[in-house]
2 protein chains.
Amino acid sequence: MTKAPEKNRIRRKDRILNAAEALFAKHGFEGVSMRMVADSAEVDLALASYHFGSKRGLFDAVLLRRAEVLNDLRLAALEKCQAEAGGNGPSVEAIIDAFLHPLLGEGLQADEGWLHYFELIAQVNSSYEWGGQLMTKYFDPLVRKFMEALKAALPDAEPQDFYWCYHFLSGALTLTMAHTGRIDQLSDGAVKSEDMVGAYERMVPFMAAGFKKMCEKG
Amino acid sequence: MTKAPEKNRIRRKDRILNAAEALFAKHGFEGVSMRMVADSAEVDLALASYHFGSKRGLFDAVLLRRAEVLNDLRLAALEKCQAEAGGNGPSVEAIIDAFLHPLLGEGLQADEGWLHYFELIAQVNSSYEWGGQLMTKYFDPLVRKFMEALKAALPDAEPQDFYWCYHFLSGALTLTMAHTGRIDQLSDGAVKSEDMVGAYERMVPFMAAGFKKMCEKG
DNA sequence: GATTAAATTCAACGTTTGTTGAAATGTCAA
DNA sequence: TTGACATTTCAACAAACGTTGAATTTAATC
């Protein structure tokens, strides 16, 4: 009898998910082969197909695994900021803060697996092939709740202005999570693209100012 | 003698570039095969390897082809706004306008090839694998000129604030050029992700407000 | 311990991949 | 027309690809 046999079995499946998560984040769906995943997870080639049916099934499993956890965390952040606000509802700053904090705050950022997941989401979100479909599938209900809260804080906003503003916020967040290292080079090392807290602290007032400029009267 | 034989020869090379440009933009480097390119360009498979050496060589040629043209256009836009400004130099709004107008204005947006190129750039910019290296190689000198102009318009900016602000602008622009269709779905059709003029008109004041909020005293 | 099902390994399959050498065709100058 | 060179085609290569059926091992139940 080996040590902790059952745990060892379960671990294989998760090792495959972890390896696939990291590899898909770096090289994209087509840039990763099942053999790369199997080698990285130190597992037989056929095992990934056995557990997930196909390469696409593995990809979906990677995306799905953390989606619900993340949505719950972000929903809790939204509800907390709404509970703390007075009867007029939370400010634009508070909503954007709740939108970004679970992603860029110190909690999940300390976990290597979550970092890979965020990189993967960034890649998916800006891909023509997957961007529209997959993001909608996994994150639409939550995003719509944030947008409702923002609309309440910006009652005079024109729909087109409002949606473009959200799009700008989404784009800035996406590139930030992608960790391409470009900001490091442009700033000659003055800014580290891994400094998510620095990005987070600046993104909140920056985006709030943009929203107000475009979506408030006067 | 066939009609215009020499032009026919040249056209093959460009047909390959056009087909590769569109395909790489949609499916990424690894998602495209040389056979897909050859079929789409209606050209023999071996011809692409003959003209560009390798698949990677073809990819680089696609990126390089329009890079210089684009950089010249954007530099002209910057110099024009600087010439029109008084002795204090152009405003933040004017610089951001010059930064965005060649990309999102009606000029190049009317050309299908340029649209594919912008989608490709968006994909490259947010990819971990290529993002840092390739964007730096092709666009760094120009971007640095815009950043110098912005620094002059925001003399009190802290470097970290300033570079993160530029990063947010870059991210919003990148997602806008990617045409993922996500904004269409989130807005239930109220916003079309192809409406680059609508995005452009809103991005200028939005980003200028963010820059000022973060990089001006008081 | 025997039985059953799940997990894992092994070996191989039929495709598709990027690339290349040789042959054929086209172009242009002398 | 001849010769020289660039272009295009054809056929094929070895390698890598995702997937699968059969055999083996492991885990849990009786």
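This one's a predicted model, so the numbers in the text were calculated from it and none came from an experiment. All values below were derived from every heavy atom in this structure, side-chain atoms included, with hydrogens, water molecules and symmetry-related copies excluded. Every chain is numbered from 1 and lettered A, B, ... according to where its sequence line falls, protein lines coming before strand lines.
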What's the spacing between A:S193 OG and A:I183 CD1 if we round to 0.5 Å? 8.0 Å
Length of the CG-P vector between B:L47 and C:dG26, whole Å: 14 Å
Side-chain donor/acceptor pairs under 3.5 Å, residues 55-73 of chain B, sequence neighbours excluded:
residue: B:K55; atom: NZ; partner: B:F29; partner atom: O; Å: 3.0
residue: B:K55; atom: NZ; partner: B:V32; partner atom: O; Å: 2.7
residue: B:R56; atom: NE; partner: B:D60; partner atom: OD1; Å: 3.3
residue: B:R56; atom: NE; partner: B:D60; partner atom: OD2; Å: 3.4
residue: B:R65; atom: NH1; partner: B:N18; partner atom: OD1; Å: 3.1
residue: B:R65; atom: NH2; partner: B:N18; partner atom: OD1; Å: 2.9
residue: B:R65; atom: NH2; partner: B:E21; partner atom: OE1; Å: 3.3
residue: B:R66; atom: NE; partner: B:E21; partner atom: OE2; Å: 2.7
residue: B:R66; atom: NH2; partner: B:E21; partner atom: OE1; Å: 2.9
residue: B:N71; atom: ND2; partner: B:A67; partner atom: O; Å: 3.4
residue: B:N71; atom: ND2; partner: B:Y138; partner atom: O; Å: 3.1

Under 4.0 Å protein heavy-atom contacts per nucleotide of nucleotides 14-21 of chain D, with B for base, S for backbone only and - for none: ---BBBB-
For B:D97, all residues meeting salt bridge (Lys or Arg N to Asp or Glu O under 4.0 Å), sequence neighbours excluded: none
At under 4.0 Å, does any side-chain N or O of B:R12 touch on OP1 or OP2 of C:dG26? no
Tell me whether the centres of the aromatic rings in A:H101 and A:Y200 are closer together than 6.0 Å. yes
So, for A:R15 and A:A41, which heavy atoms are closest and what is the spacing to 0.1 Å? NE-O, 2.9 Å
B:L58 atom CG is separated from C:dT17 atom C1', nearest whole Å, by 15 Å
In whole Å, I'd like the distance from the NE2 atom of B:H51 to the P atom of D:dC5. 19 Å
Establish, yes or no, whether the cationic atom of B:R74 lies under 6.0 Å from the six-membered ring centre of B:F99 and within 45° of the ring axis. yes
Give the rounded distance in Å between these two atoms: CZ of B:R11 and P of C:dG26. 17 Å
Provide, to the nearest angstrom, the distance between the CD1 atom belonging to A:I16 and the P atom belonging to C:dA7. 11 Å
To the nearest angstrom, the CG-C1' distance between A:D44 and C:dA12 comes to 13 Å
Please report the distance, rounded to the nearest Å, between CD in A:E30 and P in C:dT16. 14 Å
